[in-house]
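In the text below, chain A, chain B and the rest are named by the order of the sequence lines, each starting its count at 1. Worth knowing before you read on, the calculation uses all heavy atoms, side chains too, and leaves out hydrogens, waters and symmetry mates. In this text the structure is predicted, and so the values were computed from the model without any measurement.
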Protein chains: 4
Amino acid sequence: MANKREVHASVKDEKLVKVRRDQMIKGAVSLFKEKGFHRTTTREIAKASGFSIGTLYEYIETKEDVLYLVCDSIYEEVKERLQESIDPKLGTIEGLKAAVEAYFRVMADMQDEVLVMYQEAKSLSKDALPYVLNKELQMVHMFEEILQGCVEKKELTMTESEIQLCAHNIFVQGQMWGFRRWALKSRFSLDEYIQMQTKFVLEGITNK
Amino acid sequence: MANKREVHASVKDEKLVKVRRDQMIKGAVSLFKEKGFHRTTTREIAKASGFSIGTLYEYIETKEDVLYLVCDSIYEEVKERLQESIDPKLGTIEGLKAAVEAYFRVMADMQDEVLVMYQEAKSLSKDALPYVLNKELQMVHMFEEILQGCVEKKELTMTESEIQLCAHNIFVQGQMWGFRRWALKSRFSLDEYIQMQTKFVLEGITNK
Amino acid sequence: MANKREVHASVKDEKLVKVRRDQMIKGAVSLFKEKGFHRTTTREIAKASGFSIGTLYEYIETKEDVLYLVCDSIYEEVKERLQESIDPKLGTIEGLKAAVEAYFRVMADMQDEVLVMYQEAKSLSKDALPYVLNKELQMVHMFEEILQGCVEKKELTMTESEIQLCAHNIFVQGQMWGFRRWALKSRFSLDEYIQMQTKFVLEGITNK
Amino acid sequence: MANKREVHASVKDEKLVKVRRDQMIKGAVSLFKEKGFHRTTTREIAKASGFSIGTLYEYIETKEDVLYLVCDSIYEEVKERLQESIDPKLGTIEGLKAAVEAYFRVMADMQDEVLVMYQEAKSLSKDALPYVLNKELQMVHMFEEILQGCVEKKELTMTESEIQLCAHNIFVQGQMWGFRRWALKSRFSLDEYIQMQTKFVLEGITNK
DNA sequence: CATGAATGAGGATTCATTCAT
DNA sequence: CATGAATGAATCCTCATTCAT
């Protein structure tokens with residue numbers, strides 16, 4: 001599957017396009033966070049981005065393009081930040097723990113962004129959605145690799161299916177902190193949450 | 001917290017109100033499923049419900065009321081169906097397993113509805129949202145009770161916090177089958193999914 | 001070729017649709033006359049029609065629909081008025097003369113409308129244009145019939161081709177009074193114009 | 001009446017202005033042909049002309065200027081090509097016939113351009129329109145002169161009014177081949193059309 | 001002279017909601 | 001109670017034009 005959907009810009013200067021789109025994404029995220037994609041106007045996006053509505057449309061073709069750009073950029077950032085702090089080759093339980101913790105912390109850190117993406121992604125057209133979902137799978141895949149590594153090093157005994165499902169669970173539990181914070185925050189601190197979820201996951205998979 | 005938000009109807013005949021609203025909810029769910037709340041027009045809802053736009057507004061005040069009614073009714077149905085097949089008093093691991101399985105099956109059964117609610121709830125006003133979230137907590141609470149029962153009967157050893165988080169996890173994993181079916185369905189059958197998740201949960205909490 | 005392109009209306013009451021569309025056409029013609037189709041706003045059309053923009057769109061789907069309706073109605077009126085005062089069966093030179101005169105007078109009478117249609121028809125979509133052009137051909141065909149009648153009654157000797165071209169010429173000369181009035185009006189009265197054109201046409205085709 | 005409306009250019013080099021405007025006209029005609037003046041954007045014109053939007057505006061002040069330039073150039077070309085092949089002094093029926101034929105052929109040749117001008121001229125501002133219409137009158141006047149010559153040489157007997165109207169008719173019939181080609185082309189070849197129209201015109205005016 | 005990024009007024013269209021019948 | 005015509009604020013998007021580089 002192709003990894004990028006190109007969003008067309010009238011402006012030629014690629015550097016400028018990058019700069020403006022970054023402004024745009026930043027402005028849009030905070031608006032989407034506040035009122036959701038549908039309730040946010042293109043005018044508001046333009047304003048929050050620091051330019052006029054005309055300029056906005058020099059860098060996108062459709063309002064939906066903004067959403068795609070936002071989702072794309074959020075995933076990109078999550079991925080980058082994860083890759084900075086994770087070594088999937090380790091193949092140790094400790095490495096797994098560290099990865100889970102790093103992931104949970106990134107998700108907590110980007111709570112707002114994740115929530116936005118989480119709630120608005122479904123507004124993407126049938127056209128753009130696959131690209132975003134694909135990004136998600138890539139991240140799930142990171143955890144699969146880590147688990148796989150542990151299995152290879154005999155640190156864990158898991159079937160291929162168990163690895164897949166467990167990776168999904170980890171991924172969702174990371175998101176959970178964001179999209180269920182209304183329920184979780186009053187009951188757990190982030191540290192508690194991380195520690196407890198890690199425990200559940202590990203006891204769910206380690207040989208006894 | 002109050003348990004119901006009353007949606008005002010001009011029509012007095014309460015039985016009729018119930019009938020019409022049921023038509024409405026049925027029509028709306030299938031539309032929301034297809035195009036989401038925002039992209040669905042009140043006209044479409046009226047049509048799908050089998051009456052005119054004027055009549056629609058005899059039974060609600062705002063488009064958002066429809067969403068609230070839909071969400072409310074979905075939760076109600078989930079809850080009812082769960083209560084039919086679960087006995088929270090048992091206090092046995094077997095009872096827990098049965099409850100999880102029942103819940104997962106209901107969620108799989110109502111996949112579409114759950115997805116709708118899941119994705120559109122955030123469009124509820126600050127006013128209505130709490131009522132819906134409260135419903136969710138009630139369901140999470142069912143699992144807490146079951147777990148609590150097991151702890152009391154010494155079938156499990158868990159802290160209060162662990163019970164709460166575990167209940168959340170179970171709840172989210174039930175939803176997961178719906179909102180991540182794009183990723184899960186090709187990898188697991190529902191039976192496999194239930195069996196594996198149950199295993200993870202139990203191994204995560206049973207004493208070794 | 002089908003004779004009508006249906007323009008969709010949300011409103012069901014067909015009588016009302018007719019009434020509103022007549023208002024619309026009347027309002028639109030005077031605007032198009034003044035500023036052309038492109039420079040006229042849908043808002044202006046609504047206002048000139050005596051209703052709100054929302055109402056306008058209950059009776060059409062696209063701005064272009066207004067243009068189609070206008071063109072269609074103009075042709076319809078021209079045709080009706082012609083049919084009232086022309087008897088194509090006669091087969092006499094006198095009948096021909098009378099027809100030409102009647103036609104020219106109708107065209108002079110509806111000068112504004114004809115000019116509008118004449119200048120704006122090209123803005124119709126590829127979809128709607130044929131229907132309008134077809135209407136034109138029907139009118140040209142009326143003159144062909146009249147000429148044909150004269151030929152059959154031996155009042156004139158013309159080939160089939162000559163009949164066709166002559167009919168076109170008559171038709172265009174009728175329009176001419178409208179679309180070239182800037183040049184003609186200062187030089188000829190309508191009566192003079194009719195009389196002279198009739199003479200040219202007749203001398204162009206009568207046996208000598 | 002003044003014969004030219006000056007279109008202001010920021011660029012001083014007159015030769016360059018001429019070159020650029022020729023590029024512009026060429027590009028614009030083909031666009032106007034395809035989509036009409038209103039549906040053509042200045043950006044498209046610039047692109048079709050081979051330069052940037054900024055440059056375009058160095059040579060005009062308003063989009064409408066392009067239309068004026070286009071109309072002006074088309075008339076100029078028609079006029080030039082006619083003057084090459086017509087001698088208005090002759091005063092013979094043969095000369096008249098030759099002129100008509102030459103005119104019809106030029107019009108057929110420049111069909112697209114003529115159609116453009118014909119349909120878009122009305123979009124000219126009240127300011128520019130007279131200049132263009134004046135050009136048209138000059139051409140009509142050429143035919144008046146030719147007819148006048150024939151009258152003076154006793155080849156024809158026509159009143160002043162008849163001459164004027166007949167000249168208009170010839171002129172319009174020339175345009176007709178362009179703007180009614182949808183109806184004429186399937187029925188007549190250009191040669192037939194010329195021959196038949198010539199016959200109609202001549203029999204309409206020659207003494208019997 | 002040439003470029004093209006920026007602007008924002010303006011335009012077509014939608015849709016929740018009302019209310020007279 | 002039911003209907004559906006009417007309303008107009010709100011929204012997305014376009015495009016002629018300007019101006020700094």
Nearest-nucleotide check on DNA chain E, D/Gly50 vs B/Phe37; residue mapping nearer the 5' end is D/Gly50

How do C/Glu58 and D/Arg20 order along DNA chain E: which one's closest nucleotide is nearer the 5' end? D/Arg20

Lys/Arg N to Asp/Glu carboxylate O, [X] vs [Y], below 4.0 Å:
X       : Y       : answer
C/Arg5  : C/Asp65 : yes
D/Lys26 : D/Asp22 : no
B/Arg39 : B/Glu34 : no
D/Glu44 : D/Lys35 : yes

Any side-chain donor near an acceptor of the partner, C/Gln23 and C/Ser49, under 3.5 Å: no

C/Ser10 versus C/Glu58, side-chain donor and acceptor atoms under 3.5 Å: no

Would you kindly give the [atom1]-to-[atom2] distance between [X] and [N], to the nearest whole Å?
X       : N      : atom1 : atom2 : value
A/Lys63 : F/dA10 : NZ    : P     : 15 Å
A/Lys35 : F/dT11 : NZ    : C1'   : 12 Å
D/Leu31 : F/dC15 : CG    : P     : 13 Å
D/Leu67 : F/dA16 : CG    : C1'   : 15 Å
D/Glu64 : F/dA16 : CD    : C1'   : 13 Å
A/Leu56 : E/dA5  : CG    : C1'   : 14 Å
B/His38 : E/dT14 : NE2   : C1'   : 14 Å
D/Ile45 : F/dA16 : CD1   : P     : 7 Å

Given the structure, check if the side chain of D/Arg43 and the base of F/dT17 hold any donor-acceptor pair shorter than 3.5 Å. yes

Closest to the [X] side chain: [options]?
X       : options               : value
B/Thr41 : E/dA2, E/dT14, E/dC15 : E/dC15
C/Ile53 : E/dT13, F/dA2, F/dT7  : E/dT13
B/Ser52 : E/dT3, F/dG8, F/dT3   : F/dT3

Check whether any side-chain N or O of [X] sits under 4.0 Å from OP1 or OP2 of [N], and answer yes or no.
X       : N      : result
A/Thr42 : F/dC13 : no
A/Tyr57 : F/dC13 : yes
A/Thr55 : E/dA5  : no

Side chain to side chain, D/Asp72 and D/Tyr131, heavy atoms closer than 4.5 Å: no

Between B/Tyr118 and A/Phe179, how do the two ring planes meet: parallel, tilted or perpendicular, split at 30° and 60°? perpendicular

Quick check with a 6.0 Å cut-off and a 45 degree axis cone: is D/Lys63 positioned over the face of D/Phe37's six-membered ring? yes

Between A/Ile60 and B/Tyr59, which has a closest nucleotide on DNA chain F that is more 5'? B/Tyr59

Quick check: on DNA chain F, is the nucleotide nearest A/Arg39 upstream (toward 5') of the one nearest D/Gly54, or the reverse? Name the residue that is more 5'. A/Arg39

Considering only heavy atoms, which members of residues 5-13 of chain A lie under 4.0 Å from some atom of DNA chain E? A/Ser10, A/Val11, A/Lys12, A/Asp13

Where each pair must be Watson-Crick or G-U wobble with both distances under 3.5 Å, what dot-bracket representation of DNA chain F is obtained, with crossing pairs in [ ] and other-strand partners as |? .||||||||||||||||||||

Candidate list A/Val70, A/Thr40, A/Val116, test side chain to side chain contact (heavy atoms under 4.5 Å, CB included), partner A/Leu31, passing option: A/Thr40

